[in-house]
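Report on one structure; see the data block that follows.
Being a predicted model, the structure only gives us computed values, none of them experimental. Remember, it's 1-based here, ligands and their atoms both numbered in the order they're listed.
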Amino acid sequence: MSILNADLHCHSVVSDGTLTPEELAARAAANGVELWALTDHDEIAGQHRAAAAAHAHGMKYLTGTEISVTFAGETVHIVGLGFDPDDPEMQRGLNDTRGGRGARAQEMAEQLAKVGIKGAYEGALKYVGNPELISRTHFARYLVEIGACKDTSEVFRKYLTEGKPGYVPHRWATLRDAVQWITRAGGLAVIAHPARYKFTANEEYALFSEFKAHGGQGVEVVTGSHTAAEYVRYADTAREFGLAASRGSDFHSPGESHTDLGQLPYLPGALTPVWELLADRIQ
Ligand code: AMP
Ligand code: MN
Ligand code: MN
Ligand code: MN
């Protein structure tokens with residue numbers, strides 16, 4: 001059961017990807033994906049389109065999203081899979097989570113103007129597919145366009161991360177709310193790319209413990225954000241905490257993402273894949 005080309009993490013123009021749900025489905029299918037989920041940030045407006053496109057290409061589909069959470073002063077991402085996309089409580093929660101992005105983007109632009117980068121708000125907006133979902137990624141694309149940096153990774157390094165001139169901290173959803181929205185809508189909550197967080201060992205332990213206590217059941221082990229050593233490390237963490245394992249590229253854009261849809265190693269054996277727990281939610 002681990003030997004399945006499942007890709008349960010990627011982004012479309014509905015959040016900060018550059019392809020439509022239909023273009024992603026075509027690309028996933030061409031790359032041999034058998035089970036797919038579109039997981040736009042804080043947004044599920046693309047879910048019905050994505051499911052239809054998956055079926056048109058003969059792929060199985062799980063509903064998905066990636067919720068921004070503030071935990072111990074850091075931003076943590078919680079992927080939700082297999083929930084009811086029409087669940088009103090989840091829709092309200094995500095709507096609230098998206099709420100602060102406009103003001104935050106204005107503030108980012110003001111800070112960037114102070115270091116000589118003018119018009120960044122309008123510039124970022126040109127790349128935005130969903131007006132409620134303006135993100136750092138859209139600013140990064142604009143800064144590459146005007147030649148401020150050579151690629152988006154350099155923009156994040158120089159401008160958009162903590163301590164840098166365009167970084168504006170933001171309070172997202174709580175861990176408990178995010179996990180509850182997902183589970184009460186019939187889905188399964190997954191800690192996204194755990195190696196990316198700058199937590200101490202104690203903080204990471206607290207994240208996994210609290211996540212479990214709130215009803216979270218999964219962790220991404222094989223993701224485009226992890227190294228091979230981190231696959232092994234988080235396979236151990238999954239076993240330690242009794243969590244199911246997920247696999248996803250976190251693909252955003254052909255020009256930017258180094259891991260393409262469906263192009264990851266399979267999950268290590270002896271782990272329970274999240275799709276085993278979600279068998280009755282697969283469409
Ligand atoms: P936001 O939700 O506006 O804070 O933007 C977060 C998004 O920025 C993530 O989902 C990634 O797509 C992107 N991102 C964050 N850090 C980096 C990085 N170091 N390099 C490239 N993209 C990044
Ligand atoms: Mn993103
Ligand atoms: Mn993420
Ligand atoms: Mn992501």
| message | Taking atom OH as the centre, does Tyr205 end up with more than 12 heavy-atom neighbours from other residues, nucleotides or ligands that are less than 6.0 angstrom away? | response | no
| Which atom, among the N/O/S set of Glu66, is closest to the Mn ion (ligand 4)? | OE1
| So which N/O/S atom does His193 have closest to the Mn ion (ligand 3)? | NE2
| message | Would you say the Mn ion (ligand 3) has Asp250 as a near neighbour, meaning an N/O/S atom of that residue under 2.8 Å away? | response | no
| said: Can a side-chain donor-acceptor contact be found between His138 and Asp16 if the only test is distance below 3.5 angstrom? | reply: no
| request: Would you mind naming the N, O or S atom of His77 nearest to the Mn ion (ligand 3)? | output: ND1
| field | Flag for Glu110-Tyr121: side-chain donor and acceptor within less than 3.5 Å | value | no
| Is the Mn ion (ligand 2) under 2.8 Å from any N, O or S atom of His11? | no
| task | Mind telling me whether Phe71 and Phe199 have parallel, tilted or perpendicular rings, with 30° and 60° as the class edges? | result | perpendicular
| task | Identify, by name, the N, O or S atom of His41 lying closest to the Mn ion (ligand 2). | result | NE2
| field | Distance-only polar pair, side chains of Thr223 and Asp250, donor-acceptor under 3.5 Å | value | no
| task | May I ask you to check whether His9 brings an N, O or S atom to under 2.8 Å from the Mn ion (ligand 4)? | result | yes
| field | Residue pair Glu66 / His193, side-chain donor-acceptor N/O under 3.5 Å | value | yes
| task | Taking the Mn ion (ligand 2) as the reference point, name the nearest N/O/S atom of Asp16. | result | OD2
